[in-house]
Visitor: 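Quick one: this structure, given as structure tokens, is what I'll be asking you about.
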Amino acid sequence: MAIDKIRVTEICRAADIERPTFYYHFKDKYDLVAWMFCTDAYGTDITSVPSAAAGMNKMKQDILFYKRAYEDSSQNALWHYMVEYFTRRYTELAKKKLGTDILDTQLAYSIRFYCMGSVGMTQEWVLTDNITSAETVVQMMFNSMPENLRKILF
């Protein structure tokens with residue numbers, strides 16, 4: 001069932017919790033989906049092919065969830081959360097490696113550009129690609145990283 005068709009009441013019934021309990025932890029069902037993604041992604045080393053590929057292989061194991069999440073095109077769709085999540089992680093990593101609290105405009109743009117492209121390609125991979133390995137996809141993403149960002153991270 002598409003995420004936009006699922007109601008919080010149904011989620012609460014399946015989890016055997018009351019609606020106030022749900023809303024204590026999540027602002028809406030999309031926030032729950034984002035939390036599920038972030039929980040899976042949190043332990044991933046975003047600069048390691050094996051680690052990032054393992055995260056993508058986890059997505060393939062939960063393919064029905066991720067297909068439904070990626071098919072959703074609402075204002076709160078998973079890919080929005082993913083872009084923000086990875087942009088934040090790459091920004092924090094770049095700041096740490098550079099020893100600064102502020103990134104220049106071009107580097108910040110490159111990070112967002114890379115994250116939007118990577119999330120878009122991950123979406124395409126989940127929805128349509130049953131052949132290309134996660135390792136190959138991650139390596140192609142790293143190879144496509146803007147040079148200014150690659151110099152800092154690698």
Visitor: Is the distance between the ring centroids of Tyr81 and Phe37 under 6.0 Å?
Guide: no
Visitor: Can you check salt bridge (charged side-chain N to carboxylate O under 4.0 Å, His left out) on Glu92 and Arg89, steps first, answer last?
Guide: CA-CA 5 Å; Glu92 289 169 5; Arg89 292 232 8 228; 6.0 Å; no
Visitor: Output the distance between atom OG1 (Thr128) and atom NZ (Lys67), rounded to the nearest 0.5 Å.
Guide: 8.5 Å
Visitor: Inspect the contact between Glu18 and Arg13 and indicate whether a charged nitrogen and a carboxylate oxygen are less than 4.0 angstrom apart.
Guide: no
Visitor: Are side-chain heavy atoms of Cys115 and Tyr90 found at a separation under 4.5 Å?
Guide: yes
Visitor: Without placing hydrogens or testing angles, list every side-chain donor-acceptor pair under 3.5 Å for residues 51-58, not counting sequence neighbours.
Guide:
from: Ser51; atom 1: OG; to: Asp45; atom 2: N; distance (Å): 2.8
from: Asn57; atom 1: ND2; to: Ala53; atom 2: O; distance (Å): 3.3
from: Lys58; atom 1: NZ; to: Asp62; atom 2: OD2; distance (Å): 2.5

Visitor: Same cluster for Trp35 and Met82 if Ile/Leu/Val/Met/Phe/Trp/Tyr side chains link at under 4.5 Å?
Guide: yes
Visitor: Is any side-chain heavy atom of Ile11 less than 4.5 Å from a side-chain heavy atom of Ile6?
Guide: yes
Visitor: For the atom pair CZ (Arg112) and CG (Leu107), what is the distance rounded to the nearest 0.5 Å?
Guide: 14.0 Å
Visitor: Is there a path of hydrophobic side-chain contacts, each under 4.5 Å between heavy atoms of I, L, V, M, F, W or Y residues, that connects Phe86 with Phe113?
Guide: no
Visitor: Using the salt bridge (charged side-chain N to carboxylate O under 4.0 Å, His left out) rule, collect all pairs that involve residues 120-143, keeping only residues at least two apart or in two chains.
Guide: none
Visitor: Can you list every salt bridge (charged side-chain N to carboxylate O under 4.0 Å, His left out) pair that touches residues 145-154, not counting sequence neighbours?
Guide: Glu147-Arg150
Visitor: So do Asp101 and Lys95 actually touch side chain to side chain, heavy atoms under 4.5 Å?
Guide: no
Visitor: Let me confirm one number: the SG-CZ distance from Cys12 to Arg19, rounded to the nearest 0.5 Å.
Guide: 6.0 Å
Visitor: Drop me the distance from Phe22's CZ to Leu32's CG, to the nearest 0.5 angstrom.
Guide: 5.0 Å
Visitor: Would you check if Lys60 and Asn130 make a side-chain contact, meaning some heavy-atom pair closer than 4.5 Å?
Guide: yes
